[in-house]
Each structure stands twice: as C-alpha cells, then as structure tokens.
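Down below is the structure, laid out as structure tokens.
Throughout, protein chains are lettered first and strands after them, A, B, ... in sequence-line order, and every chain is numbered starting at 1.
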Amino acid sequence: MLVEALALSAVLFSIGVVGVLTRRNAIILFMCVELMLNAVNLSFVALSTLYGAAGQVFVVFTMTVAAAEAAVGLAIIIAIFRHVKTVNLQNINLLKG
Amino acid sequence: MNAFLSSINYNAWIVPVLLLLPAIGAVGLWAHALLTAKDPAEKRWREVRVLAFSFFVVEAILSLGLWWSLDPAAAGWQAMVDLPWIPQWGVRFAVGLDGIAMVLVLLTTLMMPLAVLGSWTSIRTKPHAYYANLLILTVGMLGVFCALDLVLFYVMWEIMLVPMYLIIGVWGGERRLYAAIKFFIYTMIGSLLMLVAILYLGAEASRVGGAPNFSYDFILNNVHLDPTTTLWLFGAFALAFAVKVPMFPFHTWLPDAHVEAPTAGSVILAAIMLKMGTFGFIRFALPLFPGAAMNPSVRTLIVALAVIGIVYGALVAMVQPDFKKLVAYSSVSHLGFVMLGVFALTTESMQGALIVNVSHGVSTGALFLLIGMIYERRHTRMIEDYGGIAKVVPIFATLLTIVSLSSIGLPGTNGFIGEFLVLVGSYKTQPVAAVISATVVIIAAVYLLWAVQRIIYQKLAKPENESMQDLNWREIGLLVPLVAAIFWIGIYPKPLLEKTEPAARRLVTYVESAAGKAPVTASNQAR
Amino acid sequence: MQPNLFHPLAYTFTFYFFGLTALASAVAFVTRKSPVAAAMWLVNVMFCLAGLYVMLDAQFIGAIQVLVYTGAIMVVFLFVIMLLNLGHVSDLLDARGKWGQLIGLFLGLGLLAEVMALNRHNTIERMIPPDLAAKAAEAASRSAAGGVIGPIAAPLFKEYLLAFELTSILLLAAIVGAVVLGKRRTNAR
Amino acid sequence: MNPAMIPEGAHPLASTIARFVWLLPLLPLLGFLINGTLAMLGVAKVGPADPSAGHGHAEEHGHGAAHGHDDHGHATRHKFAPIVSLVGPGVLVATFLLASGIFFAMRGVEMEHPYIQTLFAWMPVGDLQLNATLLLDPLSMVMIMVITGVGMLIHVFSVGYMQDDPGYPRYFAYLNLFVFFMLMLVLGGSYPLLFVGWEGVGLCSYLLIGFWFSDKANADAGKKAFIVNRIGDFGFLVAMFLMFANLGTLDVQGVAAKAAELPMGGVIATAIALFLFLGCTGKSAQIPLYVWLPDAMAGPTPVSALIHAATMVTAGVYLVARASGIFSMAPVAQLTVATVGALTAFFAATIGLKQWDIKKVLAYSTVSQLGYMFVGVGVGAYTAGIFHLVTHAFFKALLFLGSGSVIFAMHAAYHATHNHDDAQDMRNMGGLKKHMPVTFYLMWIATLAIAGIPLFSGFFSKDEILSSVFARAHHSTLAESSLLGIPGGTLLLVIYGLGLATALMTAIYMTRMMLYTFHGPNRTGAAEEPHLKEAPWVMTGPLVVLGALAAFGGWLNVPALLGAIGPVGGLEHWLEPVVGEATLRTTLGEPAHLSHSVELMLVSTAIIIAVVGIAFAVWRLKPAALVPKKDAPEATGFDRVLENKYYVDEGYDAAIVQPTVNVSRAVLWKGFDAGIIDGLFVNGSALLARAFGWMGSQLQTGQLGTYAWVLLIGVITLLGAFTFR
C-alpha cells in the first residue's frame with residue numbers, strides 16, 4: 001500500500017499547489033497550504049511503516065507547526081481585513097519593493 | 001653644476017624625494033585646513049593657494065637638478081633606488097630614470113606650478129581639497145614615469161586616476177559627473193586588463209626565478225614567452241595605454257573630460273596625463289614584448305589606428321563649436337603622431353615622438369590656459385560668442401596667435417620639429433602612413449586658424465566682448481615661459497634631443513634585435 | 001501494515017475507498033466558490049486521511065489528526081470565515097482569470113508529472129523489503145510495551161526531546177503573536 | 001660633409017664682408033622685434049589682478065575702442081609713428097647697403113663653389129645631422145638684391161601710404177618679419193631651413209593680408225592664402241621625405257650631388273621634382289592653387305606690391321632654380337612645370353581682360369607673368385626665368401605702387417566728400433592723367449615694359465624665355481621625352497604659341513587698364529574731382545626709381561643679337577656657376593643656339609605682337625563710353641564668366657570645402673564619434689546595465705501571487721533538472 005499512499009500524497013500536494021496558484025482569497029490560500037501539509041504528513045506516515053516511528057514523530061511536529069502557522073496567519077488576515085476590508089490578495093501589495 | 005650635485009649625492013635621494021614631497025604637501029594642506037577652520041573663507045583661500053604653489057615650486061626647483069645630474073649616454077638606470085616593499089609578493093619600491101623618463105618628469109614638475117597659477121582665481125570652492133588633489137596627482141604621475149617595478153607602476157597608475165576623477169567631478173562644468181565617470185570607467189577597464197597581464201608576468205617570473213618577482217629588469221631579461229602569449233599580453237598592455245593615449249576608437253572620453261574639467265585639470269590632463277599612454281608603450285609594451293610589437297599585422301594595425309586618429313581627430317576638430325573640445329580633438333591628432341613615431345621604430349621617428357610629446361604638452365597646455373583665461377572673463381567656451389576681440393584684448397590675441405601657430409607646427413616653433421622628425425623618420429618604414437599623416441598639416445591649419453579667426457578677428461559685434469579685460473601680469477608671467485619654450489625647442493632643440501637620443505636609439509635597436517631572433521634566445525642586453 | 005482478518009482484499013478496498021474520497025473532496029475543495037463549502041470539503045479530506053493513517057498502523061497520528069487538525073485548526077478557520085463574514089458567493093471572482101487557472105492547473109500537473117517521473121526507476125518499489133509483511137506481523141505480534149502509542153512516545157521524549165521543547169516555545173510565540181495581532185488597536189494609527 | 005663643399009674658412013668670400021651674411025636676416029628680425037614691442041606698447045593695457053571680478057566699465061576702455069573705428073579714417077597719427085618710420089625702412093636700407101657690399105665683394109671673387117656658413121646644429125638626430133647653414137651663391141645674391149632693393153623702396157612708399165593707419169607699427173613689424181623670412185628662404189642651406197623661410201613668408205602674408213582684420217572678408221582672404229599655401233607646403237614636405245629616404249641628405253648641395261648619380265628621368269628624381277613643384281604651385285599661385293592670390297589683394301597695396309608681386313610669389317621660381325640639379329634629371333617633371341606655367345599664363349591673362357578692380361587686374365597679370373617664369377625655368381632656361389623674375393619685380397612693383405597712389409588719391413577724394421564708393425574700381429576712375437601726371441608717365445613706362453615693347457626690360461626677359469622655349473623644342477632632353485603621350489617637341493611648340501597669345505592679351509589688358517584709369521573723361525564724380533591730387537613725394541620717389549629700373553632693366557642680360565647696347569649675357573655669366581651645369585644637361589651638352597635668321601624672326605614676331613596688342617586695345621576700347629560702377633550694367637555671356645573668374649572659387653568651395661566640412665560634421669563627429677562610439681558602446685553598455693536592473697525590479701510587485709508563482713517555477717525547474725539528469 002506504500003506506493004499508493006505516496007501517489008495519493010503527491011496528487012493531494014499538487015491539488016494544494018493548484019489551489020494556492022489559482023485562488024485569490026487569503027483564507028482559501030491558507031487552507032490549500034494546510035492541505036499540502038496534510039499530503040506531506042501522509043507520505044511521512046506511509047514511509048514510517050518502513051523506517052520506524054521516527055516518521056510519525058515528525059508528523060507530530062508538523063502538526064504543531066501547522067497549528068502555530070494557522071493561528072498567526074489568521075491573525076494577520078484579521079489585522080489586514082480591519083484595514084482594507086477585503087482578503088482578496090490582488091489588491092494587497094504592501095510588500096512592494 | 002655636476003660637481004655640486006654629486007657632492008650632495010643628488011642622484012641617490014632625488015627620485016624618492018620628488019615622489020614624497022607632494023604627498024607631504026597634501027598632508028600639510030590637510031593640516032592647514034584643520035588649523036584655520038575658523039578663519040574667514042577668503043583668507044584661508046589665499047593662504048592655501050600660496051602654500052600649495054610653494055610646494056610645487058620647491059618640487060620644480062629640486063627636479064631641475066636632473067637636467068645636469070643625469071648622463072643620458074650611460075646605459076641602464078640613473079638615480080636608481082631599490083627598496084623591498086612587499087617581500088612576500090616580491091614587489092619592490094624600485095624607481096629609476098633614463099633619458100626619456102627624465103624629460104617627461106621635468107615636463108611634469110615644470111608644468112604643475114604653471115597649471116596651479118592658471119587656476120589662481122578661478123577655483124574658490126573647497127580649495128584645500130582641490131590643491132591636495134593636484135599634489136596627489138603629481139605623486140601618481142611622477143611615480144608612473146619613474147616606476148621600475150610593474151606593481152609599483154600599476155599602483156601609481158591607479159593613484160593618478162582618483163584625484164583626476166575628483167577634480168573633474170567636483171570642480172568641473174555642467175556635465176562633469178558624466179564626464180568624470182566616463183573618464184574613470186574608460187581608463188579602469190583598460191588598466192584592469194593590464195593588471196592581469198602584470199600578474200601573469202609576475203607568475204612567469206617566479207616560475208623562472210624561484211621567488212615571485214615583479215622587477216622590470218628581471219622580467220625584461222629572464223622572462224621569455226611563446227609568441228601567442230606575447231601577443232595576448234601585448235594586447236592587454238596596449239589596450240590600457242591605447243585608452244590613455246587616446247588612440248582612435250577609445251578617445252571619446254577625452255573631449256568630455258577636457259570640456260568639463262577646470263582649467264588646471266584640463267591643462268594637466270593634456271600636458272602630462274596623455275603622455276602616460278605613449279610613455280607606457282615606450283617603456284613597457286615595446287621592450288617587454290618586442291615580438292608582438294614587430295609582428296607585421298599588429299604593427300600595421302596600430303599604425304593604421306594612429307593615422308586614422310591623426311586625420312580623424314583633425315577633421316572632427318574642424319567642426320567643433322566648443323573651442324575646448326576643438327583643442328581636445330587636436331590633442332587626439334597630435335598624439336596620433338606620437339604613436340606613429342613610436343611604431344615606425346626608426347631613431348628619427350622615436351626622437352620625433354618624444355619631441356611631439358613635450359611640445360604638445362607645452363603648446364596644448366598653453367592653449368588650455370588661454371581658454372581658461374577667456375572662460376574666466378566671459379564664462380563661455382563657444383567660439384561664436386567671441387569675435388573681433390583682438391582690439392579689446394591685444395596681448396591675449398598675440399599670445400593666442402603664437403600658441404596656435406606652434407600647435408599647427410609652423411617651422412621655427414616646437415610643433416614643426418616634432419612633426420617633421422616623426423614624418424621624416426616614419427617615411428622610411430611606413431611611407432604610406434607618413435604621406436597620409438602629412439596631409440594633416442593642411443587640416444591643422446584649417447581648424448585652428450578658422451577658430452582663431454572667429455575669436456580674435458572679424459567684427460567686434462557683441463557688446464559683452466567690448467568690456468573684456470586684457471591679461472594681467474600673473475597670466476602674462478604664466479604664458480611667457482611657455483612661449484619661450486615654444487621658440488627654444490623650435491629654434492635650438494639640440495640639448496633636448498641629446499638627452500633622449502641614446503635612450504631612443506637603444507630602445508629601437510633592442511626592439512628590432514630582440515624581435516628579429518626567436519624570443520627564447522633574446523640577448524639580455526642591458527636596458 | 002496491520003494484518004487483519006479480511007486481509008488483503010478488504011484492506012486494499014478500504015484503502016482505495018479512503019484514498020479516492022480524499023482525492024475527490026480535495027478537488028471539490030479547490031473548486032468551491034464559497035470558503036465555507038471549501039472548508040467543509042477540506043475537513044472531509046482530513047477525515048479520510050485520518051482513516052488512512054490508522055490503516056498504516058499510525059493509530060496515534062490518526063487520532064491526533066482528527067483531534068488537532070480537523071478539530072482545532074479547521075474550526076479556527078471556520079470561525080475566522082464567519083467572523084469576517086466572507087461566506088457570500090461573490091468571492092469566486094477572486095480566482096484568477098480563465099488563463100490564470102489554466103496555467104495554474106498546467107503547472108500543478110507539471111509538478112505532479114515531475115514527482116511521478118522521479119519514480120521512473122521505481123525506486124520506491126525497490127525500497128520495500130520482500131519480507132515486509134512478515135516483519136510487520138512479527139512486530140505486531142510482539143505486543144508493544146507501551147501499547148500503540150509507546151513506539152511514538154519513546155523517541156518523542158528521548159531523541160527528539162529538544163525538538164519537542166522547541167515546538168512548545170513555537171506554540172507560545174504563535175499564541176502571543178495571534179493575540180497581539182488580533183487585538184483591536186485602541187489608539188488606531 | 002659633402003665633397004663639393006670646400007671647408008668654410010678657405011672660401012674666398014670668407015675674408016670679405018660676406019662673412020657677415022648672417023647679419024642680413026638678423027637686421028629685419030631686429031626691426032620686427034622693435035616695431036613689434038612698439039606696437040604692443042601702443043595698444044596693450046594689462047588687466048586687473050582678478051579678471052572675473054570687475055568688468056571694465058565702458059569709458060575706461062573708451063580710448064581702446066576709439067582707435068578701433070574705421071581704419072582709414074584720419075585718426076590721430078600713431079604716437080610711435082615717427083620712431084617706426086625710422087626703424088622700419090631704416091633697417092631695410094641698412095640691409096640693402098650690406099647686401100650691395102656683399103654683392104660687390106662677390107663680383108670681385110671667382111665663385112666656383114657657394115659660400116656655406118654653418119650657424120649651429122639644428123636637428124642632430126640619428127643619421128639626419130641637420131645644421132642651420134646659410135648658403136650664399138650668385139643665385140641667392142640676385143634674389144637678395146631684389147628683395148632688399150625693391151623691399152626698401154616699398155618700405156619707403158608705405159611710410160606715406162600707411163601714415164594715418166592706427167596699426168602703423170604693427171604693419172612695419174610684419175613687413176620687417178616678412179623680409180627676415182624671405183631672406184631665410186633665399187639663404188637656406190638645407191631644405192628644412194628653406195622650408196622655415198617658406199612657411200614664414202606664408203605666415204607673414206596671412207598676417208598682412210588680414211591686416212585690417214575687423215572686416216571678415218580680409219580675415220577670410222588671409223586664412224585662405226595660408227591654407228592654400230599649406231597645401232603646397234604639404235607637397236614640399238613629402239618632397240623632403242623622399243629626399244631623405246632616397247638620397248639620405250637634406251642639404252641643398254648634398255641633394256644636388258646625389259641627384260646627379262640618379263638615372264636620368266628616373267622615378268625618384270621625377271617624384272621629388274613633381275612634389276617640389278606642388279609646393280611651388282601653392283606658393284607661386286599656379287593652377288590649381290592660384291585662387292588665393294586675387295583674394296590677397298584685400299591687404300594694403302604696398303603689401304601686394306612686395307609680397308604678391310615682387311618677392312614671395314617668386315619663391316617657387318627660385319626653388320625650381322635652386323633645385324635645378326633634380327629638375328634637370330627629370331624631363332617629365334620639367335615638361336609638367338612648363339605646361340602648367342603656360343596654361344596658367346594663358347588662363348590668368350583671359351580673366352585679366354574683364355576685371356574692373358585695378359588691383360585684381362594686376363593680380364591676374366602677376367599670376368600670368370609667374371606662369372611665364374615657370375615656362376622659363378621649366379624648360380631648363382634658368383637664367384631666362386630668373387631674368388624675367390627680376391624685371392617683373394621692377395615693373396610689377398611699379399604698377400602696384402602706382403595703383404596704390406591712385407587708390408590713395410581716390411580714398412582721399414572719397415573721404416573728403418564722405419562718399420563710400422569703391423575706390424579701387426576702374427569704372428569710378430578715368431582721366432586721372434591731368435591730376436596725377438608723374439604716376440601717369442611712370443605707369444606707362446611699366447605698361448610698355450610688361451607688354452614687351454623693345455628697349456624696355458620686359459621685352460628682353462620675355463623674348464629670352466620665348467626664344468629658349470623655341471630652341472629647346474628642336475634639340476634638348478625635353479624634346480626627346482614626352483608628357484602624357486604628347487611628344488616633348490610639339491608640346492614645347494604649343495607652349496611657345498600659348499606664350500605669344502599671352503603676350504598679346506597682356507598688352508591688351510594693360511593698355512585697357514591705362515585707358516580706363518588715366519584717359520577719357522573722369523567718372524569719380526564732380527564733387528570729388530578737385531580733391532584728386534598727386535601722391536606725396538615719399539610715395540612718388542620710389543616710383544621714379546622703379547620706373548628707371550623697369551626702363552633699363554633689360555641692360556642686365558642683353559641678348560647677343562642686340563650686342564651693341566650693353567654687356568652681352570651679363571646675368572647668364574653671373575648665374576653660370578649655379579645653374580650652368582643643369583642648363584647644359586637639358587640641352588644635351590652644348591649651349592642652345594638659334595641661327596641668326598630664326599632669332600631675328602622670333603624677335604620681330606614678339607615686337608609685332610606687342611604693338612598689335614596695344615593698338616588693338618586703343619582702337620577697340622572707348623573709355624568715354626564707361627559709366628561709374630554704381631550704375632554700370634550687369635555683364636552678360638562670356639564677359640560675365642570672365643568677370644567671375646570662371647567661377648573657380650565657387651567650384652572649389654562646392655567640390656572640396658563644403659563636402660569636407662559637412663562630412664566631418666555629420667558623418668565623422670555626429671555620426672561616428674557621438675553616434676557609434678559614444679552612443680553605441682559607451683552609453684549603450686550603460687543602458688544595458690540599467691535595463692537588466694529594471695527587469696529585475698519588475699518581479700517585486702508586492703503581490704503574494706507573484707511570489708507563489710516564482711516559487712513554484714523555481715521548484716519545477718529544480719525538479720526538472722533532476723528528472724532530466
């Protein structure tokens with residue numbers, strides 16, 4: 001079942017990437033990133049069947065990171081929303097160099 | 001005179017002193033700036049002028065001794081000083097002079113006080129920095145003429161660039177930044193290639209002699225390269241010097257640099273710095289790579305570029321509305337003569353090249369001083385803004401006529417001696433080039449006389465010209481030595497010729513003999 | 001991989017079932033117009049994944065997945081969507097123009113193709129040792145000391161103790177950050 | 001050292017006054033220095049210490065501007081005028097006395113070899129050991145006598161002519177400098193030293209033509225003269241290179257000796273000769289470089305007399321005579337010289353027929369007579385050429401000075417009535433013989449001389465040239481060689497024909513000038529006529545002396561036919577040591593002689609031509625029919641072409657000057673320099689760097705989307721690298 005799991009992980013990851021590229025809504029963008037993370041977790045877990053539990057430990061860590069990232073990300077979105085009343089990434093270019 | 005000089009062991013200390021004195025001068029000016037920070041600007045400006053001028057005068061007087069202390073006939077270097085500088089890399093502070101270098105050193109030291117006098121009243125902003133720059137510039141220039149160690153030569157070559165860049169960039173005309181940057185990048189690109197070539201030579205020397213060694217004599221006698229590398233290294237050196245000469249395709253920085261530089265800047269640029277390129281060819285490119293220099297295709301290329309430079313420079317000078325640019329392009333033409341003389345490789349043409357070097361320095365230096373003087377009065381360089389001012393400023397008009405005639409090469413003046421020797425000498429080896437270059441005798445008369453006529457003759461139409469002041473005693477005193485030099489070299493050039501004759505003859509025979517045989521067996525005849 | 005009673009057919013079936021539903025719901029998630037629907041589909045994906053984890057002997061991770069990921073993170077997402085009242089449909093035009101989507105899709109497929117190509121020497125197949133099934137069975141037979149969680153908890157608190165502590169600091173920083181950012185500026189600039 | 005030259009000390013002249021020959025050029029130089037300083041002191045005022053500070057207020061410069069006004073006006077006489085009048089001509093008188101002293105010393109001594117005096121080592125370089133040496137021999141003696149003699153007379157004339165000119169000291173400074181350079185040219189022992197004099201006189205003619213420089217036309221004329229001369233000097237320079245490269249020496253004696261060893265008619269000798277002749281055409285105004293001489297009339301009239309009639313323009317003839325050693329070795333070159341001379345003579349004479357400005361008539365007459373001289377020296381009859389040079393110096397100087405006093409009188413008249421008409425146009429003159437009898441009679445003597453009326457100097461010299469051309473047509477190296485396919489013999493006959501035609505036209509236009517200026521009714525205007533009066537004695541004095549010389553000049557070299565009048569072949573014998581050998585070389589060994597009857601026939605044709613010319617002019621031209629210039633009708637047809645001198649100037653301007661100027665401005669400067677080198681390479685590379693910078697900056701759009709894209713593209717390319725590895 002390992003090959004199928006890894007294949008699924010790759011497909012999910014690609015869907016996540018397509019989501020990031022096509023959607024402009026910040027929240028959905030975040031969710032796509034979460035999806036990409038889950039895909040990675042899946043491949044970790046799949047490989048941990050071969051190489052022992054270290055993979056799963058790492059999944060735990062990725063989950064904590066994902067949680068932290070989601071929290072901070074959403075806080076930023078709220079802060080931005082309070083300013084510009086939209087989460088459409090098209091008009092948010094404060095980073096312009 | 002010789003007895004007195006040898007009594008004070010003149011030859012032993014003169015060259016290092018000549019190099020250090022301006023440096024000390026620069027420090028002195030800096031100290032003066034700090035000490036008198038509080039005094040009114042006017043007073044400080046007058047003081048620093050006199051201080052700087054006195055340094056240059058002392059330098060000039062000291063250097064006069066060279067004329068007698070150096071015996072031109074003796075082979076090898078005179079007034080030689082050789083101290084270790086960076087032992088790990090085998091770089092030595094080796095300086096020395098021969099006939100050719102001595103004449104150019106004297107030209108430099110005698111020209112600098114005149115240049116400073118030339119911009120006596122025109123430079124008022126930040127005078128300390130200005131005169132310090134001039135002093136450092138002198139160190140660089142003298143260093144280039146005296147260096148006998150390739151790395152020292154390169155260091156001095158770069159030292160020379162920075163102050164000139166500042167002089168043009170800070171005290172220049174409207175488009176000074178463009179001109180300064182263009183000047184700097186043009187020369188820098190050329191000299192970087194030269195640095196590569198120097199390092200290659202150093203490596204080659206360390207392979208032959210064990211320890212790394214950049215001394216000119218050592219490399220000259222011991223480093224033997226196969227033809228292709230010689231060609232490449234010659235190319236690298238030639239490019240750096242070609243930019244400096246300036247030779248035909250690399251000359252476009254000169255008009256801008258001259259037009260934007262302040263009077264003293266363009267006088268020094270024309271009188272001395274352009275000679276770096278030709279001196280580089282004579283001292284480094286030819287002797288180090290005789291094979292490449294004698295290679296027929298290389299030689300015809302350089303002679304062709306020189307001839308183009310001569311005719312092209314003259315033709316373009318003819319149509320310049322700006323008098324300073326006209327003189328700048330005429331410099332391209334005059335230095336084309338020097339290159340033709342150097343690469344015709346006959347004793348007469350080499351001597352002619354050295355005379356053109358000196359006489360161009362004198363005449364074009366005087367021309368720029370004159371332009372500076374009328375620029376100070378009317379603040380315009382355009383020829384048509386003048387007209388008929390011979391009635392209003394007769395002294396200026398007479399001096400301008402004399403200097404223009406010397407620049408055209410009227411027999412009896414210095415221009416003719418140089419050009420005649422170059423053409424007569426180069427006719428033997430490059431007949432076609434000599435005949436074509438001889439036509440510039442006509443074009444030179446056209447562009448200068450046409451410009452001079454539009455400035456001093458014709459109707460005194462413009463009211464501003466009527467209230468112009470004639471030259472004051474300082475300015476006349478400044479030009480009298482130059483006019484004297486013009487007629488002295490023109491009528492009795494024998495002493496000057498004798499100083500450079502042995503060195504020139506040795507160079508020509510060395511290059512011809514060394515190139516004749518395969519480089520491996522080049523006889524290491526003393527320089 | 002856990003030998004179970006109706007191995008291997010049932011196992012494969014459920015595995016494929018979970019896999020395909022995850023896939024379908026992921027595609028749906030990406031194409032939904034409204035964020036709320038998208039969030040629901042993502043939750044569905046996560047549930048399928050949890051199922052897959054369990055099938056791959058990572059029961060603890062499956063539990064954590066449901067508990068932390070779906071339960072906590074997705075809930076926060078929904079909460080924010082509701083808070084900022086982003087639910088209305090009009091936002092779809094937030095997706096890039098037709099061309100943008102096409103290129104995005106094309107690039108995703110390209111990426112997928114490259115990942116699959118990495119496996120052209122079927123490196124993964126060669127990685128699976130022949131006796132994998134026997135070894136798994138033997139490991140399962142030996143009742144793990146700490147039960148199912150033991151093999152994870154041991155390394156977590158032995159080799160990866162430092163990493164564990166660091167993640168806690170990370171979480172703390174995240175909380176502080178979220179609070180500071182979320183707080184309404186009293187003196188709004 | 002050249003074998004032919006015996007050591008300096010042993011030369012017979014060394015003990016005589018001739019050893020002060022170096023003093024000859026020095027005196028005029030001193031004159032120049034004195035007058036020059038006086039000129040500067042008079043005018044210059046040293047400026048204040050800080051030039052840019054105070055602008056000179058108008059009135060302080062008042063006196064400066066005051067003297068800048070119209071140059072001919074009755075300004076106060078220059079405050080140094082008396083001193084300058086003493087120094088200027090005085091120096092010339094002293095030089096003339098020294099020259100005559102040397103001349104008499106030379107007459108008493110057998111001049112086998114020239115007297116070489118080495119002053120100092122000028123250019124000791126490599127194997128070009130060039131010394132500044134003076135060479136004194138019969139040829140240079142003749143020239144020195146002409147220069148100093150005629151020069152002295154013209155200096156005296158100028159005292160009167162230029163008396164009211166504000167630039168008085170400057171004028172005499174330049175005139176003295178000119179005499180110095182002319183003497184250097186004539187005494188030059190080596191070609192480069194001769195070249196110093198050669199270009200020096202070019203410089204002085206530039207300064208003197210543009211003497212009244214406030215008027216653009218004068219300044220332009222001066223510049224044009226200098227540049228056209230420089231074109232000639234280019235030829236001279238190349239000739240010197242050829243000499244040095246092929247003959248190894250540049251000394252006059254050395255070159256002549258080495259040339260003798262060259263093959264007759266060889267390429268080297270011909271090339272050197274032709275390039276030397278290019279120099280001569282520039283200096284002596286022959287086709288194609290004659291255009292500057294008519295414009296040179298813009299200078300003061302005495303200058304035209306001295307420089308553009310008597311001395312400088314004859315430098316070319318002197319050079320050919322001096323280099324006779326080379327020319328005689330190159331028959332082709334000799335034929336070219338003769339042909340160009342004949343063509344110029346004929347061409348200039350035709351233009352002279354229709355000129356209205358009195359000085360332009362004389363200018364074209366000079367060009368024509370110079371053509372005659374070149375025919376003489378071209379065919380190898382150097383004595384004939386030099387003889388015509390001498391006689392021409394006398395009568396042409398007289399004609400110019402005569403026209404000068406006419407113009408002086410006309411100016412005085414016009415000035416009195418504040419009329420700004422053209423004082424030099426013959427149509428405003430007429431009937432002046434009543435007012436200026438002395439000038440009238442002397443001008444007629446000169447006209448008869450130039451026309452070739454027997455017993456006058458012109459007849460002897462012109463006839464000598466024509467007969468020598470005729471003689472060489474049958475028996476000489478020229479007859480055997482050919483030029484551009486035409487055999488030498490026929491070419492010489494054609495040249496003889498052209499010579500006769502020119503003589504006819506000379507007689508016509510000279511008589512035309514005399515008729516229009518002196519005879520017929522006066523056209524200056526009723527108010528002005530009373531003011532027309534004879535020039536002061538200081539001007540007419542020199543005219544009288546020149547008149548005598550023009551009348552009896554022929555006595556110098558009486559042909560054998562008219563042996564009765566005076567010493568036969570005086571000049572021939574005098575110049576024999578210098579040019580004798582070269583003359584014989586051209587006439588194949590024995591001196592050219594014509595049978596008695598042929599010579600008689602030639603002389604009679606010449607006389608008939610002259611008489612017919614004058615008679616035709618008197619009969620055809622009606623001075624009464626002339627109207628003053630301002631209402632004169634526009635010339636039409638061929639007259640207009642002649643009046644506008646075949647539009648040669650405009651042709652040169654359109655064909656050479658404008659194209660070079662435009663090409664160098666548009667193509668070389670703007671196109672290549674600013675365009676390609678600056679535009680493309682220098683600024684181009686700067687532009688390139690800035691462009692790359694700009695592209696980079698486009699990525700920073702600040703939108704997250706863009707960054708995601710870039711990120712992904714990076715990942716894909718990275719993975720791609722792996723997959724395709």
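Interface residue D:Asp127: backbone and side-chain heavy atoms are both found under 4.5 Å from chain B. Neither the backbone nor the side chain of B:Phe250 comes within contact range of chain D; no heavy atom of the residue lies under 4.5 Å from a heavy atom of that chain. If you measure heavy-atom distances from D:Leu193 to chain B, you find no contacts under 4.5 Å at all. Residue contact with chain B, scored on non-hydrogen atoms closer than 4.5 Å, involves the backbone and the side chain of D:Ile231 alike. In this structure, the portions of D:Leu128 lying under 4.5 Å from any heavy atom of chain B include both its backbone and its side chain. For B:Thr398, the part lying near chain D is the side chain, with the backbone staying farther off; criterion is any non-hydrogen pair under 4.5 Å. B:Leu421 touches chain D through its side chain: at least one heavy atom from C-beta onward sits under 4.5 Å away, while N, CA, C and O do not. Proximity to chain B (any heavy atom under 4.5 Å) is shown, for D:Met123, by both the backbone and the side chain. Residue B:Glu498: no heavy atom, backbone or side chain, is found under 4.5 Å from chain D. Using a 4.5 Å cut-off between heavy atoms, D:Ile676 makes no contact with chain B at all. Contacts of B:Trp120 with chain D are absent, with no heavy-atom separation under 4.5 Å from either backbone or side chain. Using a 4.5 Å cut-off between heavy atoms, D:Phe241 touches chain B through backbone and side chain atoms alike. Only the side chain of B:Tyr178 comes within less than 4.5 Å of a heavy atom of chain D; its backbone N, CA, C and O stay farther away.
Between D:Phe195 and B:Phe420, the distance from one ring center to the other does not fall under 6.0 angstrom. Between B:Tyr492 and D:Phe120, the gap from one ring centroid to the other is short of 6.0 Å.
Ion pair B:Arg454/D:Asp220 not flagged as a salt bridge, since none of the NZ, NE, NH1 or NH2 atoms sits closer than 4.0 Å to an Asp/Glu carboxylate oxygen.
If you take CD on B:Gln453 and CZ on D:Phe213, they are separated by 11.5 Å, rounding to the nearest 0.5 Å. The distance from atom OH of B:Tyr447 to atom CD1 of D:Ile227, rounded to the nearest 0.5 Å, is 12.0 Å. For the atom pair D:Glu199 CD and B:Thr413 OG1, the distance stands at 9.0 Å (nearest 0.5 Å). Between the OH atom of B:Tyr457 and the NZ atom of D:Lys216 there is a distance of 14.0 Å, given to the nearest 0.5 Å. In this structure, NZ on D:Lys45 lies 8.0 Å from CG on B:Asp470, to the nearest 0.5 angstrom. Atom NZ of B:Lys391 is separated from atom OG of D:Ser214 by 5.0 Å, given to the nearest 0.5 angstrom.
Of the residues considered (B:Ile408, B:Thr346, B:Leu460), B:Ile408 shows the highest number of contacts with chain D, using heavy-atom pairs under 4.5 Å. Annotation: maximal heavy-atom pairing with chain D below 4.5 Å, among B:Leu405, B:Leu423, B:Ile456, occurs at B:Leu423. Of the listed residues B:Leu471, B:Ile443, B:Thr500, B:Val508, the one with more heavy-atom pairs under 4.5 angstrom with chain D than any other is B:Leu471. Taking chain D as the reference chain and counting heavy-atom pairs below 4.5 Å, the highest number among B:Pro431, B:Pro493, B:Gly412, B:Ala504 is found for B:Pro493. Annotation: maximal heavy-atom pairing with chain D below 4.5 Å, among B:Ile442, B:Thr347, B:Val435, occurs at B:Ile442. The candidate with the highest count of non-hydrogen atom pairs below 4.5 Å against chain D, out of B:Ala317, B:Gly388, B:Ala438, is B:Ala438. Annotation: maximal heavy-atom pairing with chain B below 4.5 Å, among D:Asn229, D:Asn683, D:Asn218, D:Thr660, occurs at D:Asn683.
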Could you go step by step and tell me if D:Met40 and B:Ile395 meet the side chain to side chain contact (heavy atoms under 4.5 Å, CB included) rule? CA-CA 7 Å; D:Met40 283 313 285; B:Ile395 305 175; 3.8 Å; yes
Please lay out, stage by stage, how D:Tyr206 and B:Leu449 fare under the test side chain to side chain contact (heavy atoms under 4.5 Å, CB included). CA-CA 10 Å; D:Tyr206 163 73; B:Leu449 282 190; 3.7 Å; yes
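Tested against B:Pro411, the residues D:Leu203, D:Val196, D:Asp233 include a single side chain to side chain contact (heavy atoms under 4.5 Å, CB included) partner, D:Val196.
At a threshold of 4.5 Å between non-hydrogen side-chain atoms, the residues B:Val316 and D:Ser664 do not count as touching. By the 4.5 Å heavy-atom criterion applied to side chains, B:Trp450 and D:Lys223 are counted as neighbours.
Closest non-hydrogen pair, B:Ile417 versus D:Trp122, comes out as CD1-NE1, 3.7 Å.
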